[in-house]
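What follows is a single structure, written as structure tokens, with notes after it.
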Amino acid sequence: MSSRMIKPLFDRVLVRRFTPETKTKGGILIPDKAQGKVLEAEVVATGPGTRSLHSDKVIPCSVKAGDNVLLPEYGGTKLELQNEEYFIFRDGDILGKFE
């Protein structure tokens with residue numbers, strides 16, 4: 001799977017978390033243990049959406065590729081593709097979208 005990209009199914013969203021800050025504005029290096037978990041990510045790909053319970057219509061995902069989103073602290077499925085870490089979340093698990 002090293003040269004392939006994943007296309008999420010249904011209401012799943014593939015994201016790449018932003019890298020944590022390793023230096024403060026004053027130039028002090030932050031040790032790995034002190035770095036907080038990064039809750040912001042960029043959407044890489046989305047699935048087509050989920051089917052409505054009352055009809056056969058597909059409800060599209062609320063985010064699209066390129067959006068910056070706010071993630072929950074825990075959750076998601078971790079993947080490593082092309083030596084980069086990606087996560088898959090359900091569309092409903094994403095907390096918000098930055099504009």
Side-chain angles (χ1 to χ4, degrees):
M1 266 202 311
S2 61
S3 64
R4 291 186 269 175
M5 195 52 138
I6 297 282
K7 173 70 175 160
L9 299 176
F10 306 112
D11 64 339
R12 304 295 201 287
V13 179
L14 181 69
V15 299
R16 177 182 22 212
R17 287 185 193 253
F18 294 134
T19 55
E21 293 292 326
T22 57
K23 208 184 248 191
T24 64
K25 291 180 182 176
I28 299 171
L29 293 175
I30 303 171
D32 290 339
K33 280 189 169 183
Q35 291 175 2
K37 196 170 197 179
V38 177
L39 302 179
E40 294 179 36
E42 178 187 4
V43 175
V44 177
T46 63
T50 186
R51 291 204 181 269
S52 173
L53 295 175
H54 305 292
S55 67
D56 284 340
K57 292 183 181 180
V58 175
I59 301 168
C61 290
S62 58
V63 295
K64 62 185 183 315
D67 286 347
N68 292 336
V69 295
L70 179 65
L71 301 173
E73 190 169 353
Y74 301 103
T77 302
K78 184 177 174 180
L79 299 170
E80 189 166 324
L81 301 169
Q82 302 169 355
N83 296 326
E84 287 193 56
E85 281 187 356
Y86 294 91
F87 292 84
I88 293 182
F89 285 89
R90 285 188 177 271
D91 184 44
D93 291 342
I94 293 175
L95 302 176
K97 179 167 69 169
F98 294 102
E99 294 186 357

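Note that these values count all heavy atoms, side chains included, but never hydrogens, waters or copies made by symmetry.
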Listed pairs under 3.5 Å, donor-acceptor, residues 85-99 side chains, sequence neighbours left out:
residue: E85; atom: OE2; partner: K78; partner atom: NZ; Å: 3.1
residue: R90; atom: NH1; partner: D11; partner atom: OD1; Å: 3.2
residue: D91; atom: OD1; partner: S62; partner atom: N; Å: 3.4
residue: D91; atom: OD1; partner: S62; partner atom: OG; Å: 2.9
residue: D91; atom: OD2; partner: S62; partner atom: N; Å: 3.1
residue: D91; atom: OD2; partner: S62; partner atom: OG; Å: 3.3

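- In this structure, K7 places its NZ atom where more than 12 heavy-atom neighbours from other residues, nucleotides or ligands lie under 6.0 Å away.
- Residue-environment remark: CZ (F10) stays at or below the threshold of 12 foreign heavy atoms within 6.0 Å.
- Listed by chain and residue number, nothing satisfies the salt bridge (charged side-chain N to carboxylate O under 4.0 Å, His left out) test with E73 (two or more places apart in sequence, or in another chain).
- Closest approach of R12 to C61, counting heavy atoms only: O-SG, 4.4 Å.
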For residues 38-51, run the donor-acceptor check on the side chains, cut-off 3.5 Å, and write out each pair with its distance to 0.1 Å, sequence neighbours left out.
residue: R51; atom: NH1; partner: D56; partner atom: O; Å: 2.9

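- Both L71 and V63 belong to a common hydrophobic cluster when Ile, Leu, Val, Met, Phe, Trp and Tyr are linked at side-chain heavy-atom distances under 4.5 angstrom.
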